[in-house]
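Step one of this worksheet: look at the structure below.
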Protein chains: 2
Amino acid sequence: MRADAQRNRARVLEAAEEVLARDGLAASMRAVAELAGVGVGTIYRQFPTKEALYQAIVADRTRRLAERAAELAEGGDPGRAFFTFFAMIVEHATTKKVFVDALSAAGVDPKAGSPDLRGPIETLLVRAQHAGAVRPDVGMPELLALLSAACLAAQQQGWDPGLRDRALAVVFDGLRTQP
Amino acid sequence: MRADAQRNRARVLEAAEEVLARDGLAASMRAVAELAGVGVGTIYRQFPTKEALYQAIVADRTRRLAERAAELAEGGDPGRAFFTFFAMIVEHATTKKVFVDALSAAGVDPKAGSPDLRGPIETLLVRAQHAGAVRPDVGMPELLALLSAACLAAQQQGWDPGLRDRALAVVFDGLRTQP
DNA sequence: CTAGAATCGGAACGCGTGTTCCGGGTGGGC
DNA sequence: GCCCACCCGGAACACGCGTTCCGATTCTAG
C-alpha cells in the first residue's frame with residue numbers, strides 16, 4: 001500500500017469519526033471529504049460504500065466498549081459494574097451520534113447489529129442478578145429496550161449531565177431488586 | 001370556500017395522517033398526494049409548506065391527547081391516572097411516527113413544542129405526587145426525558161405490546177415512591 | 001532519474017426531495 | 001345555461017445526496 005494512500009485512509013477515518021459523531025448516519029460523504037482535506041473519490045477507494053465507512057467506525061467503537069465491559073465483568077461489585085456500564089453507554093450516546101443510529105438500526109434485527117456488545121452486556125446482567133443487585137424478572141429484551149431508549153433520548157435531545165444522572169437514577173431504581 | 005376544495009382538504013389531511021404515521025417527518029409530499037388521489041399543487045394550495053401540513057396534524061393529535069389528560073386529571077385515583085396517561089402516550093408513539101418526531105424536535109427547545117401537553121402532564125404529575133403515588137424528587141425535566149425516551153425507543157424499534165409493558169413496568173417502579 | 005502504475009481530486013450522473021408555475025378544467029352566483 | 005373566478009394536476013426547477021469516472025498528479029521500484 002502506497003504511503004500517501006495510507007495517510008489519507010487515516011485522515012478519512014479521523015474526519016469520519018468527527019462528522020459522524022456530530023451528524024449521525026445523515027452525515028454526507030462530501031462533509032467527511034472536506035474535513036479530511038480529500039476528494040470524495042479518495043474515500044471510495046478505501047471504503048466501497050458509505051455504509052462500509054460507517055460500519056468500520058462503529059465496529060471499532062463497539063469493540064472498545066466490549067473490552068471495557070469485559071474489564072468491568074471481572075472487577076469487584078457486580079451491581080456497581082452493571083450500572084456503571086449502563087451509564088457509560090448512555091454517556092457515549094450523547095456525543096457519538098452514529099453509535100446511537102447504528103444501535104437503533106440494530107434493534108430491529110436482533111441477529112445483526114452488535115452481537116459483540118450483546119454478550120458482555122448479558123454477562124454483566126446475570127452477574128448483577130446473581131448478586132441480588134438487579135431484579136431477576138428483567139431479561140435481555142427489556143434491558144436492551146431501556147438502554148436503547150436512554151441512548152436515543154440522550155442523543156436526540158441533548159441531555160445535559162445533570163438531567164442524564166437524574167433520569168438514569170429513576171431507571172436504575174426500577175431495575176434494582178424490589179423489597 | 002369551494003366545495004371541491006373543502007373535499008380535497010379533508011382528503012389531504014386523511015392521507016397525511018396515514019402516511020405520516022407510517023413514515024414520520026421523512027414522508028414525502030408526493031406520497032401524501034398520491035394516497036389522497038390529488039396533485040401536489042393541491043396540497044400547497046391549502047398548506048404553504050410541508051412543515052405546516054405536519055404541524056396541523058400534530059397539533060390536532062396533541063389537542064386530543066390534552067383533552068384525554070384533562071379527563072384523567074379529574075377522575076379518581078391520581079396515581080392510576082398518571083401512569084395510564086404515560087402508557088397511553090407511549091402506545092400512541094408506536095403507531096404515530098410523526099408524533100414522536102415532533103416530540104423529539106420539541107424537546108430541544110422547552111419553550112416551543114407542545115405547551116398544550118406540558119400543562120396537563122404537569123397537573124397529572126403533581127396530583128400523583130401529592131397522593132404519594134410518585135416520588136417527590138422527580139420534576140418535569142426528568143419526567144419528560146423519560147417519556148421521550150420511551151416514545152423514541154418504542155417507535156424506532158417497534159416495541160411489541162408485551163415488551164412495552166415490561167419495559168414500562170421497570171420505569172414505573174422507578175417512578176413510584178421509594179420505601 | 002525515469003518510467004509506469006497506483007492514487008488523487010472533483011466534475012458529472014442519476015435519483016429523490018420540497019416547492020413553484022401555469023394551461024386546462026370545474027363550481028356556483030346570476 | 002353561462003361565464004369567470006377559482007382550483008386542479010403534474011411537469012418543471014433547484015438542490016443535495018451517494019456514487020462513478022477519468023485526466024492530472026504523485027509515489028516508488030529499478
Side-chain angles (χ1 to χ4, degrees), chain A residues 1-59 97-102 104-106 112 156, chain B residues 1-59 97-102 104-106 112 156:
Chain A
M1 190 173 185
R2 248 169 61 172
D4 56 342
Q6 204 164 341
R7 192 176 55 240
N8 279 331
R9 185 176 220 276
R11 279 190 191 174
V12 166
L13 279 173
E14 191 181 350
E17 179 102 25
E18 180 173 334
V19 173
L20 290 182
R22 179 163 25 90
D23 302 336
L25 285 179
S28 76
M29 295 298 257
R30 281 171 179 79
V32 174
E34 191 170 350
L35 184 63
V38 153
V40 288
T42 304
I43 301 182
Y44 279 93
R45 183 158 311 279
Q46 306 281 348
F47 303 93
T49 184
K50 181 181 167 180
E51 207 102 354
L53 172 60
Y54 294 178
Q55 283 184 5
I57 290 181
V58 170
K97 198 166 187 299
V98 238
F99 193 72
V100 178
D101 289 345
S104 78
Q156 290 203 13
Chain B
M1 189 173 188
R2 251 169 60 171
D4 56 344
Q6 204 163 342
R7 190 175 57 240
N8 279 330
R9 186 177 221 273
R11 279 190 191 175
V12 166
L13 279 174
E14 192 180 350
E17 179 102 25
E18 181 174 334
V19 172
L20 292 182
R22 179 162 25 90
D23 302 336
L25 285 179
S28 75
M29 296 298 258
R30 281 169 179 80
V32 174
E34 190 171 350
L35 185 63
V38 152
V40 288
T42 304
I43 301 181
Y44 279 92
R45 183 158 311 279
Q46 306 281 348
F47 303 93
T49 183
K50 181 181 167 182
E51 207 101 355
L53 172 60
Y54 294 179
Q55 283 185 4
I57 290 181
V58 170
K97 198 166 186 300
V98 240
F99 193 71
V100 177
D101 290 344
S104 77
Q156 290 203 14

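Protein chains get the first letters and strands the later ones, always in sequence-line order, with residue 1 at the start of each. Worth knowing before you read on, the calculation uses all heavy atoms, side chains too, and leaves out hydrogens, waters and symmetry mates.
Nearest approach of B:Val98 to B:Ala21, heavy atoms of both residues: CG2-N, 4.0 Å. Shown here for A:Ala56 and A:Phe47, the closest heavy-atom pair between the two residues is CB-CE2, 4.0 Å.
Note: CZ (B:Phe47) to C1' (C:dT19) measures 16 Å, nearest angstrom. Summarising the geometry, the separation between CZ on B:Arg11 and P on D:dC8 is reported as 10 Å, rounded to the nearest angstrom. The distance between atom CD of A:Gln46 and atom P of C:dA6, rounded to the nearest whole Å, is 14 Å. If you measure from atom CD1 of A:Ile43 to atom P of C:dC8, you get 11 Å, rounded to the nearest angstrom.
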5'-to-3' dot-bracket of DNA chain D (Watson-Crick, G-U; under 3.5 angstrom; crossing pairs as [ ]; | other strand): ||||||||||||||||||||||||||||||
Assign a letter to each nucleotide of nucleotides 21-30 of chain D from its 5' end: B, base within under 4.0 Å of a protein heavy atom; S, sugar-phosphate only; -, no contact. B----BSS--
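Comparing A:Val38 and B:Ala26 by the nucleotide of DNA chain C that holds the closest heavy atom to each, the one mapping nearer the 5' end is A:Val38.
Using a 4.0 Å heavy-atom cutoff across all strands shown, B:Ala31 reaches no nucleic acid atom at all. As judged by a 4.0 angstrom heavy-atom cut-off over every strand, A:Ala36 is placed among residues making no nucleic acid contact.
Between A:Ser28 and D:dG16 there is no side-chain polar atom (N or O) within less than 4.0 angstrom of OP1 or OP2. Regarding contacts with the backbone of C:dT7, every side-chain N or O of A:Thr42 stays at 4.0 angstrom or more from both OP1 and OP2. OP1 or OP2 of D:dC8 sits under 4.0 Å from a side-chain N or O of B:Asn8.
Taking B:Asp4 as the reference, B:Arg2 meet the side chain to side chain donor-acceptor pair (under 3.5 Å) condition, with sequence neighbours excluded.
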